[in-house]
Amino acid sequence: MGDAVTAVTVRLGDAAVELAPDASVREALGRLGAMRADVVAVAVTPAGADAAQEWDLDRPLVEASAAAVDVAPIRAATPEGRDILRHSTAHVMAQAVTDLFPDAKWAIGPPVEDGFYYDFDVARPFTPEDLAAIEARMRELLAAKQRFVRAEVTRDEALALFADQPYKREIVERVEPSEVDVAAGRDEPTFTVYRNVAPDGTEAWVDLCRGPHLGSTDRIPAFRLMRTAGAYWRGREDQPMLQRIYGTAWESEEALEAHLKMLEEARARDHRRLGRDLELLHLPEELGPGLAIFLPRGAHVRRAMEDWIREETLARGYQPVYTPHVAKEDLWRISGHLQNYAELMFPAMEVEHATYRLKPMNCPFHVLAFQARTRSYRELPLRISELGTVYRFERSGVVNGLLRARGFTQDDSHIFCTADQVVDEVMGCITFARDLYRAFGLGDPSRVAVSTRPPDSLGSDEQWEVAEAALVEAATRSGFEVEIDAGEGAFYGPKIDVHARDAIGREWQLTTIQVDFNLPERFDVAYVGEDGARHRPFMVHRALFGSIERFFAVLLESTNGAFPLWLAPEQVRVLPISEDVLPYAEEVRGACAAAGLRVELDAADDSLGARVRRAQTEKVPVTLVVGGEEAAARTVAVRPYRGEQRRGVPLDGLVAELVAEIGAGRRGEIPPPAVD
RNA sequence: GCUGGAGUAGCUCAGUCGGUAGAGCAGCCGCCUCGUAAGCGGCAGGUCAGGGGUUCGAAUCCCCUCUCCAGCUCCA
């Protein structure tokens, strides 16, 4: 390094070309036949380096400080390419904001999933009219064909350049020298800035940025400003609130349109809308935010979920308990919830000189169940389980239908076990979670993450280390690649979160498995060991659905309300073609009901077409149309929600078929259907 | 909790300059007796989120509160 390089060999796959050091990577790609209009940047790997760097197209080869480099074009329609495109669009937006609001101070403007944002400190929040004006100004800047020009500066130069930009100065001041800087013998980091240069050579704007960027502003094919939002500087509540503008940018108008259409569809999939339209849920204002009523159709689905988990829980050796919804404050003081969790608990209720609290968690009750009598090591592992409804006073801004509620039900279990049983027990929970995801059509877990010790937490270092290691071992031995979410554990112990991906690709955290060493200590929980002495058990807490309500909402949005047969609130609908076949239609309904199917007869005074339409829009999995032909032959015409119609299907055979499908569905043997 | 946006019939939405509210769907009643995604006609349905203010007059303008949405923060 540092030696004068006279020529650089540039390789792309099998092709190679030798160029002068001052040639740009753009030129190199051109010579290699890999330059296209949609190439936004270049992945450059200097010989000997183990990772590629993203470079601007106009950056000269000499800056690689290597005699040979590997290059690969980064195209707009790739995740990396879109990030660059969006990052550049964020810069253009900041320039437009500065043009329209000269006093605006800039914070950060990164690409994010599906778009970008930029945070500003401005005198007043942006209005929708401001957004339209900013977007219009951005279109002028795109047409102005400003080039993005990269430059390296020192810390002092950067501080001088952004003398009137306090947030940029703060960023500059906080940066430590990177590994690259250290390797190059620099004790100060190098900063990069990007100047926006107009075709006439004048500098229109400059921003601190790691890059890379597009060659020029007219290379942004399609963008849209989406919305404004408040956001704390550096994401901390004690910091000033900035005004954030979200936008999105894409490689083509078509891609932008497709994205906007997808957003529209996601809105239509909202569980609150589906819950209302399909008469599953009722979220009236009279109840209060974060509280829900399950209407009969929703209740049928929920019961199917609850029946499944109850049966499986018993089959896997858990003991059921029932516990109350409130308890005296003393209990919450012993458990530590009043000290550590008070802001999430509903306020106290005074009753006959005693103070009661709604339960935010089921754990203390399960501990009391364990302590109902002296426990022997022979009883361990003891798995205590219930569907326990808890109430948490969530801050008003975070409540979100069933996904984030103030009252919700956990399929909650606490496993009391010895140290050497922990790994097996946690593995059992992970396997259980996998089986549950499969049965409910979510496929296998998409992500398994162990959350480690957070800053404010109870317990000793040794306890945490042992428990974290046990969780990692259990997840690994269950066949999952474990990710570590550092510092994300609960205050009372580390946890494993099991995530699933829904039908439209969104990831949800559902199952949580936690080790709790707080409660056993606080309640002085003990069992009598083989040696006759008292021993402290480990306590593993797990909720597989997470929350029944939340899982229900995820399932509803994932299936778009078209539940698999075994979960559907109404599994079969019978439609008589005319009044004279009503007796046979009744018979069909009766045959289904006798087999345990949830079935309705729609003999309303509407045309068959209207009733078929109603059955389809209500997403009933199986519609049976019966007329004279069917009555005579004791068959049905089957119209499934998805798939082909079948006529002349024998009634008995169909009922057996549906019963078999329900069994298979419950056992997780039916793969999820195509996206509805 | 914080920032912005919104709240009109069960649902989706219109309502101009401040002049006391309308459509489609759903519901109810009647006609039609029907072969696979909307047959026809009629009726009823509103404290315009709630409260206060300005005004001769408020869905419309102002203030407060509640709720919802999008974020931030937080989380199952």
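Below, chains carry the letters A, B, ... as their sequence lines are ordered, and counting in each starts from 1.
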Looking at every strand, decide which applies to [X] at a 4.0 Å heavy-atom threshold: base, sugar-phosphate, or nothing.
X       : result
G230(A) : base
E549(A) : nothing
G628(A) : base
G609(A) : sugar-phosphate
Y246(A) : sugar-phosphate
V390(A) : nothing
D580(A) : nothing
T617(A) : base
R392(A) : base

Gap in Å between the two [atom1] atoms, one belonging to [N] and one to [M], rounded:
N      : M      : atom1 : value
C68(B) : G30(B) : P     : 41 Å
G53(B) : U60(B) : P     : 14 Å
G22(B) : U3(B)  : P     : 39 Å
C61(B) : C2(B)  : P     : 25 Å
A49(B) : C13(B) : P     : 15 Å

Can you find a side-chain donor-acceptor pair between [X] and [Y] that sits under 3.5 Å?
X       : Y       : value
Y318(A) : E312(A) : no
E488(A) : T452(A) : no
D444(A) : Y437(A) : no

Problem set entry | Earlier contact from the 5' end, RNA chain B, for Q514(A) and R234(A) | R234(A)
Exercise. Between F545(A) and T127(A), who's closer to the 5' end of RNA chain B by nearest nucleotide?
Worked result: T127(A)
Problem set entry | Centroid distance under 5.5 Å and plane angle under 30°, F408(A) vs A76(B) | yes
Problem set entry | Under 3.5 Å on both distances, the Watson-Crick or G-U partner of G41(B) | C29(B)
Seminar exercise, completed: Any strand, both distances under 3.5 Å, Watson-Crick or G-U wobble: G7(B) pairs with C66(B)
Side-chain atoms of residues 320-327 of chain A: list all donor-acceptor pairs with protein atoms under 3.5 Å, sequence neighbours left out, distances to 0.1 Å.
residue, atom, partner, partner atom, Å
T323(A), OG1, K359(A), NZ, 2.9
T323(A), OG1, E386(A), OE1, 3.4
T323(A), OG1, E386(A), OE2, 2.6

Problem set entry | Validation row: F517(A), W464(A) side chains within 4.5 angstrom (heavy atoms) | yes
